[in-house]
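All remarks here apply to the structure that follows.
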Amino acid sequence: MDLALLRTFVTVHRAGSFTRAAALLGLSQPAVTSQIRTLERQLGRPLFLRQARGVTPTSIGDELAHKAAPHLDALVEIAESGIAEESSVRTLHLAGPPEFTAERALPALTALTGEDGQGFTLRASFGTAEETLEGLAAGHHDLAISAARPRGRLLTATALCDEEHVLVAAPSWQQKLGAGAIRRHGALALEGLPVVEVHESLPLVARYWAAVFDTRPATAGTVVVPDLRAVLACAAAGAGFAVLPRYLCQGALERGDVVALLEPPVPPLRTYFLVVRTGTLAMPHIARAHEWLLGAATDWC
C-alpha cells in the first residue's frame with residue numbers, strides 16, 4: 001500500500017474535510033479526492049461518507065486510521081530526528097487555552113527546556129478547545145490542553161486537573177448586595193447587576209448558574225472581553241461580578257481586590273484534559289512533557 005495514499009487518508013480523517021486536508025498537504029482538492037478514491041479501490045471498501053460539510057469516516061475508515069496513524073506519526077518522527085545533525089534537542093509544540101496555559105502549563109514546562117541533554121525547545125499557541133483539538137489532529141501540535149474531551153480514537157485524552165469556579169466581584173458590590181443576600185435569594189439577588197464575561201453567551205456564568213442555582217442567568221454581559229485575566233481586572237475595578245477559575249483569582253482574593261460572593265458547599269468544577277495523537281507518547285519529548293504536566297497538576301488541584 002502506498003504510504004503517500006495513507007498519509008493523505010490520515011490527514012483527511014483528522015481534518016474531516018478534503019478541502020482542509022488539501023491545504024494541510026499543499027495539494028489541490030481534486031488530487032486529494034483522487035488519492036482517496038484510489039485507496040478505496042485498492043481496499044474495495046468506502047472510507048468516507050461525503051456530506052454537505054466535510055466527510056465522515058466509515059467504520060472501515062476509522063479502523064484503518066486507528067491502525068495507520070500512529071505508525072505514520074512515528075515515521076515522521078524518524079524523518080524529523082534525522083534532520084537534526086548537530087543537536088538532539090527536539091521542539092515540543094503545545095496548544096491550549098491562553099490563561100491556563102500561560103499560568104499553569106508553561107511555567108511548569110520551562111523546567112524541561114534546560115541544557116541537561118534531555119530537554120527540548122518549546123513553542124506554544126493559544127486557541128479555543130475546537131481550534132486546539134483540530135490543530136492537534138492535523139499535526140500542528142504535539143500536545144494539547146483542552147476543557148473538552150475529544151471523541152474518536154485518533155486522540156487520546158488523560159484527565160489533568162479540575163478547575164474550581166468562583167463567583168467574585170469588587171468589595172463594593174458585596175456591600176451593596178448586603179450580607180447573606182445571595183444565600184437567601186439565590187440568583188434573584190444578582191438579577192440586573194452588571195456582568196463581566198469572556199463571551200456574549202456568558203459561558204462561565206451560565207455554567208455556574210446551572211450548577212449552583214439550577215437556573216439560567218437572567219442577565220446580559222456588561223463588559224465582554226475574550227481573556228479571563230482581563231475579566232479579573234475589570235471585576236476588580238468594579239465593572240460587575242464575574243465567574244473565574246480559583247487559580248486565576250486566588251491572589252486577588254487574598255489581597256482583597258475581589259471577594260467571593262458565595263462559597264457553595266459543592267463548587268462548580270471544570271476538568272482539563274491533556275490530549276495527544278494516539279501513539280505519539282512513544283516519542284520521548286512528548287512523553288516526558290506529558291508525564292511532567294501530570295505530575296505538576298497534583299499541586300494545582
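Since this is a predicted model, take the numbers as computed values, not measurements.
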Exercise. Is there a side-chain contact between His141 and Ser125 (heavy atoms, below 4.5 Å)?
Worked result: yes
Exercise. Does some side-chain heavy atom of Val223 sit less than 4.5 Å from a side-chain heavy atom of Val231?
Worked result: no
Problem set entry | Contact check, side chains of Thr58 and Leu49, non-hydrogen atoms, under 4.5 Å | yes
Exercise. Looking at Val168 and Cys249, what are the two nearest heavy atoms and their distance?
Worked result: CG1-SG, 4.2 Å
Seminar exercise, completed: Nearest heavy-atom approach of Ala236 to Ala170 is O-CB, 3.9 Å
For this session: Output all residues satisfying side chain to side chain contact (heavy atoms under 4.5 Å, CB included) with Pro194, sequence neighbours left out; order by chain, then residue number.
Result: Trp173, Thr222
For this session: Side-chain contact test, heavy atoms from C-beta onward, threshold under 4.5 Å: evaluate it for Thr91 versus Phe120 and give yes or no.
Result: no
Problem set entry | Test item: Arg90 side-chain N/O and His285 main-chain N/O as donor-acceptor pair under 3.5 Å | no
For this session: For salt bridge (charged side-chain N to carboxylate O under 4.0 Å, His left out), just list the numbers for Arg270 and Glu163, CA-CA rounded to whole Å, side-chain angles, deciding distance to a tenth of an Å, and then say yes or no.
Result: CA-CA 5 Å; Arg270 177 169 63 175; Glu163 171 186 271; 2.8 Å; yes
For this session: Show the numbers, then the answer: is there a salt bridge (charged side-chain N to carboxylate O under 4.0 Å, His left out) between Arg246 and Glu263?
Result: CA-CA 12 Å; Arg246 184 173 288 278; Glu263 294 285 0; 3.2 Å; yes
Exercise. Do Val32 and Val12 come close enough that some side-chain heavy atom pair is under 4.5 Å?
Worked result: yes
Problem set entry | Side-chain donor-acceptor contact under 3.5 Å, Arg14 with Thr11 | no
Exercise. Where do Leu155 and Arg277 land on the side chain to side chain contact (heavy atoms under 4.5 Å, CB included) test, with the steps shown first?
Worked result: CA-CA 4 Å; Leu155 298 179; Arg277 291 188 301 281; 3.8 Å; yes
For this session: Please confirm whether the backbone N or O of Ala4 pairs with a side-chain atom of Thr8, one donor and one acceptor, at under 3.5 Å?
Result: yes
For this session: Quick one: do Leu43 and Leu64 satisfy side chain to side chain contact (heavy atoms under 4.5 Å, CB included)? Show the steps, please.
Result: CA-CA 10 Å; Leu43 296 173; Leu64 178 60; 3.8 Å; yes
For this session: Please work out which of the three classes, parallel, tilted or perpendicular, describes the rings of Phe100 and Trp300, given edges at 30° and 60°.
Result: perpendicular
For this session: State plainly whether the residues Glu191 and Arg216 are in salt-bridge range, i.e. N to O under 4.0 Å.
Result: no
Problem set entry | Donor-acceptor contact present, side-chain Thr113 to main-chain Thr110, <3.5 Å | yes
Problem set entry | Whether Trp292 side chain and Ala108 backbone form a donor-acceptor pair below 3.5 Å | yes
Problem set entry | Backbone N/O of Ile286 and side chain of Asp142: donor-acceptor pair under 3.5 Å | no
I'd like a table of donor-acceptor pairs (distance under 3.5 Å, sequence neighbours excluded) in which one partner is a side-chain atom from residues 199-209, with atom names and distances.
| residue | atom | partner | partner atom | Å |
| --- | --- | --- | --- | --- |
| His199 | ND1 | Ser201 | N | 3.0 |
| His199 | ND1 | Ser201 | OG | 2.9 |

Exercise. Is any side-chain heavy atom of Val275 closer than 4.5 Å to a side-chain heavy atom of Leu136?
Worked result: yes
Problem set entry | Exam field: side chain Glu40 to backbone Leu47, donor-acceptor pair closer than 3.5 Å | yes
Problem set entry | Residue pair Thr132 / Ser146, side-chain donor-acceptor N/O under 3.5 Å | no
Exercise. Does Arg50 use its side chain to pair, donor to acceptor, with the backbone of Phe48 at less than 3.5 Å?
Worked result: yes
Seminar exercise, completed: Residue set satisfying side chain to side chain contact (heavy atoms under 4.5 Å, CB included) with Val259, at least two apart, ordered chain then number -> Pro171, Gln174, Leu261
For this session: Return yes if some donor-acceptor pair links the side-chain N/O of Glu197 with the main-chain N/O of Val224 below 3.5 Å, else return no.
Result: no
Exercise. Are side-chain heavy atoms of Leu92 and Arg288 found at a separation under 4.5 Å?
Worked result: no
